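Let me begin by presenting the structure, written as structure tokens, before commenting on it.
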Amino acid sequence: MSLLTSMHAELQHEAISTRKVLERVPMDKLSWKPHDKSMSLGSLAKHVAELPMLISFGMKRNEWEISTHPSSPMPSTSAELVAMFDEQLHSALECLKMNVEPDFLSQPWSMRNKEMIFFTIPRFAVLRNMGMNHLIHHRAQLSVYLRMLDVPVPGIYGPSADER
């Protein structure tokens with residue numbers, strides 16, 4: 001099995017849990033933060049919904065110039081939030097089906113803001129770290145926000161305390 005085929009299957013699997021978490025975001029509490037230094041619930045939920053885009057960027061571009069990336073509006077319903085995620089997920093999954101040359105995944109990829117280069121890493125590291133791991137990290141953070149707001153947390157890798 002190729003790396004991209006494996007990642008495609010893994011992303012599909014992780015999407016099931018991510019969708020369940022996004023469906024439970026209380027849209028009347030989007031400005032809530034657990035701490036002054038934390039992202040708001042709305043910002044975090046939108047970030048999670050958009051994260052599969054980094055897999056698409058990793059496959060279609062050699063770098064991401066973040067200053068040219070327009071901000072999308074915050075969805076007003078949980079259905080819109082899930083639809084945002086589904087749109088980004090669909091694009092990412094299609095990109096993971098691309099036929100690529102053997103050295104494609106080892107080519108350098110950079111994230112920058114104008115002249116400032118944040119990092120340059122192999123393309124596969126973008127897919128794994130920025131696409132997959134980043135998504136899982138922030139989904140977990142979002143599930144903690146749900147717990148703190150007394151919203152039943154869905155099971156992610158098995159039943160949660162709310163599903164026993």
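One is the number of the first residue; the rest follow in order along the sequence. Note that the structure is predicted; figures quoted are calculated from it, not measured.
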Nearest 0.5 angstrom please: [X] [atom1] to [Y] [atom2], how far?
X      : Y      : atom1 : atom2 : value
Ile136 : Gln141 : CD1   : CD    : 14.0 Å
Leu89  : Gln12  : CG    : CD    : 7.5 Å
Cys95  : Leu11  : SG    : CG    : 11.0 Å
Thr18  : His138 : OG1   : NE2   : 12.5 Å

Who passes side chain to side chain donor-acceptor pair (under 3.5 Å) against [X], sequence neighbours left out?
X      : result
Glu80  : Ser76
Ser110 : Thr120
Ser56  : Ser91
Lys60  : none

Worksheet item: For Met116, does the CE atom sit with more than 12 other heavy atoms under 6.0 Å from it, leaving out its own atoms?
Response: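 Result for CE/Met116: open.
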Fill in: Worked verdict on Val153 versus Val144 for side chain to side chain contact (heavy atoms under 4.5 Å, CB included)
CA-CA 8 Å; Val153 177; Val144 171; over 6 Å; no
Considering all heavy atoms, the nearest [X]-[Y] contact:
X      : Y      : answer
Val151 : Pro26  : CG2-CG, 3.9 Å
Leu4   : Met59  : CD1-CE, 3.8 Å
Val48  : Leu135 : O-CD1, 3.6 Å
Ala45  : Val25  : CB-CG2, 4.0 Å
Pro52  : Ala92  : O-CB, 3.5 Å
Ser78  : Met27  : N-CG, 3.6 Å

Worksheet item: Taking only residues two or more places apart in sequence, or in another chain, which ones meet Asn113 in a side chain to side chain contact (heavy atoms under 4.5 Å, CB included)?
Response: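 Here the qualifying residues are Glu65, Ile66, Ser67, Phe118.
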Fill in: Residues which pass side chain to side chain contact (heavy atoms under 4.5 Å, CB included) with Glu163, listed by chain and number, not counting sequence neighbours
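Partners of Glu163 by the side chain to side chain contact (heavy atoms under 4.5 Å, CB included) criterion, ordered by chain and then number, come out as Arg24, Pro154, Pro159, Ser160.
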Can you confirm whether [X] sits close enough to [Y] that some side-chain heavy atom of one is under 4.5 Å from a side-chain heavy atom of the other?
X      : Y      : value
Thr5   : Leu96  : no
Met7   : Phe124 : yes
Leu41  : Leu142 : yes
Leu127 : Met132 : no

Discussion item. Has Ser6 got a side-chain atom pairing as donor or acceptor with Leu3's backbone, closer than 3.5 angstrom?
Written reply: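 No; judged by distance alone, with no hydrogens or angles, the pair does not exist.
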Discussion item. For residues 85-108, which residue pairs pass the salt bridge (Lys or Arg N to Asp or Glu O under 4.0 Å) check, not counting sequence neighbours?
Written reply: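 Found Arg19-Asp86, Glu94-Lys97.
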Practice prompt. Please collect all salt bridge (Lys or Arg N to Asp or Glu O under 4.0 Å) contacts where either partner lies in residues 114-142, sequence neighbours excluded, each pair once.
Written response: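 Every salt bridge (Lys or Arg N to Asp or Glu O under 4.0 Å) pair that includes a residue of residues 114-142, provided the two are not neighbours, is Glu10-Arg128, Glu14-Arg139.
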Worksheet item: Under a single-linkage definition using a 4.5 Å side-chain heavy-atom cutoff for Ile, Leu, Val, Met, Phe, Trp and Tyr, are Ile16 and Leu22 assigned to the same hydrophobic cluster?
Response: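 No.
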Worksheet entry | Inter- and intrachain pairs under side chain to side chain donor-acceptor pair (under 3.5 Å), touching residues 26-51, at least two apart |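 Output for this query lists Ser40-Ser43, Lys46-Ser71, His47-His134, Glu50-Ser72.
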Fill in: Summary of side chain to side chain donor-acceptor pair (under 3.5 Å) pairs that have at least one residue in residues 144-153, sequence neighbours excluded
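Passing the test, one end in residues 144-153: Arg147-Asp162.
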Item to complete: Give every residue pair that meets the ring-ring contact (aromatic ring centres under 6.0 Å, His included) criterion with at least one member in residues 72-114, sequence neighbours excluded.
Response: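 As it turns out, there is no ring-ring contact (aromatic ring centres under 6.0 Å, His included) pair with a partner in residues 72-114 once direct neighbours are skipped.
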Practice prompt. Enumerate the residue pairs fulfilling ring-ring contact (aromatic ring centres under 6.0 Å, His included) with a member in residues 49-84, sequence neighbours excluded, ordered by first and then second residue.
Written response: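 Every ring-ring contact (aromatic ring centres under 6.0 Å, His included) pair that includes a residue of residues 49-84, provided the two are not neighbours, is Phe57-Trp64, Phe57-His69, Trp64-His69.
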